[in-house]
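A short worksheet on the structure shown next.
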Amino acid sequence: MAEARAAIIFLLLLLAPLAAKAGAGQTNWLQLPPEQRQILAPVASQWDRFPEAQQNKLLGVAKRYPKMTPEQQQRIRSQLEEWARLTPEQRDRARQNYQNLKQLPPEKRKEARELWKDYRQFEADEASTAAPPRSAPVQ
Amino acid sequence: MNEERVADSIRRYLDLCAQRIEPVVAERLRRARTEALAHYGEGRSVLRLAVAGHGTGSPGQGAHAWGTRRWVPLLLALAVAIGVSYWHYSEQGPEPGEIDALLLADDLPVGAYLDHRFDAWLKRAQQ
């Protein structure tokens with residue numbers, strides 16, 4: 001019987017962290033450490049409304065942020081607000097496409113970056129032709 | 001250990017009494033023991049047999065089986081815990097936010113990963 005009791009206690013101890021993690025709940029903005037608040041500042045006003053899963057992912061981003069290069073940190077800061085505004089489905093699609101791209105060989109990934117530049121250039125050209133010339137005389 | 005001392009005194013007491021048993025009674029006991037040992041194992045569950053290990057027959061093995069059985073709950077608990085942990089971490093995949101951090105830090109903007117033309121190109125490239 002003593003062995004059975006020991007086994008149950010052992011099992012509970014092993015599973016306790018999982019249960020604690022599952023019931024952690026949302027985190028209030030003011031409960032975050034100052035350094036995390038600084039990194040996540042672009043989403044400060046929406047933070048308390050984010051569901052727990054989204055908060056955890058953003059906290060994961062903040063955790064990795066200090067280990068990144070200044071360029072990567074700048075990209076994160078500039079995209080964080082837009083990222084938080086996306087719907088969960090859009091974020092899932094972006095994650096899926098990101099992972100799909102990562103699985104391609106390096107030359108294909110390079111091609112993808114070139115392609116994106118071309119798209120942007122094409123859009124810029126289209127916008128400039130569609131818009132009326134700035135110096136058009138007013139009649 | 002107190003448990004061992006008690007067992008030892010019981011054994012000595014039984015040995016002493018066994019010497020005083022009449023030969024006829026001793027023979028009947030011997031036959032009963034042989035018969036009991038021959039049937040040892042019948043009706044035991046597959047799990048218990050598996051735990052007991054090396055078959056049946058000698059009294060020493062019975063004690064060994066009992067010693068092994070005492071660890072069964074602990075071993076089962078350990079197996080369950082390992083299984084649950086493995087399931088939990090395999091379900092979870094990468095740590096939360098890991099992909100998001102890499103995606104946001106990538107030199108391709110988030111907009112690229114949501115662009116339908118880019119999406120179509122990616123699907124073609126994967127084929």
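Residue numbers begin at 1 in each chain, while the letters A, B, ... track the order of the sequences. What you see is a predicted model; the values in this text were computed from it and never measured.
Within 6.0 Å of atom CZ in A:R109, more than 12 heavy atoms from other residues, nucleotides or ligands are found, so the atom counts as buried in its surroundings. Within a 6.0 Å sphere centred on CD of B:E22, heavy atoms belonging to other residues, nucleotides or ligands number 12 at most. The neighbour count for A:Q38 CD, taken as heavy atoms of other residues, nucleotides or ligands under 6.0 Å away, does not exceed 12. Summarising the local packing, CZ of B:R117 is surrounded by more than 12 heavy atoms from other residues, nucleotides or ligands at distances under 6.0 Å.
Within the 4.5 angstrom heavy-atom criterion, only side-chain atoms of A:L104, from C-beta onward, approach chain B. Heavy atoms of A:K102 lying under 4.5 Å from chain B belong exclusively to its side chain. Proximity to chain B is absent for every atom of A:L59, based on heavy atoms less than 4.5 angstrom apart.
Taking each heavy atom of B:G97 and A:V61 in turn, the nearest pair found is O-CG2, 3.8 Å. In plain terms, the two heavy atoms of A:R64 and B:P96 that are nearest each other are NH1-O, 3.8 Å.
With rounding to the nearest 0.5 angstrom, the CG atom of A:L101 is 5.0 Å from the OH atom of B:Y113. The CD atom of A:E82 sits 8.0 Å away from the CG atom of B:L114 when rounded to the nearest 0.5 Å. In this structure, B:W121 CH2 and A:W116 CH2 are separated by 12.5 Å, a value rounded to the nearest 0.5 Å.
Across A:Q96, A:R113, A:Q74, A:K108, the residue that shares the most heavy-atom pairs under 4.5 angstrom with chain B is A:R113. Most heavy-atom pairs under 4.5 Å with chain B, from the set A:Y65, A:W83, A:Y98: that is A:Y98. Top candidate by heavy-atom pairs under 4.5 Å with chain B, chosen from A:Q79, A:Q90, A:Q72, is A:Q79.
Under the 4.5 Å side-chain criterion, counting only non-hydrogen atoms from C-beta, B:D119 is in contact with A:R93.
Under the side chain to side chain donor-acceptor pair (under 3.5 Å) rule, B:D100 has a single partner from A:R91, A:Q54, A:R95, which is A:R95. Remark: of the listed residues B:L102, B:I99, B:L103, B:I99 is the sole one forming a side chain to side chain contact (heavy atoms under 4.5 Å, CB included) with A:Q99.
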A:M68 and B:L104: CA distance, side-chain angles, deciding distance, side chain to side chain contact (heavy atoms under 4.5 Å, CB included) verdict:
CA-CA 11 Å; A:M68 293 183 161; B:L104 291 169; over 6 Å; no
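A:L58 and A:L30 fall within the same hydrophobic cluster, where Ile, Leu, Val, Met, Phe, Trp and Tyr residues are linked whenever their side-chain heavy atoms come under 4.5 Å apart, directly or through other members.
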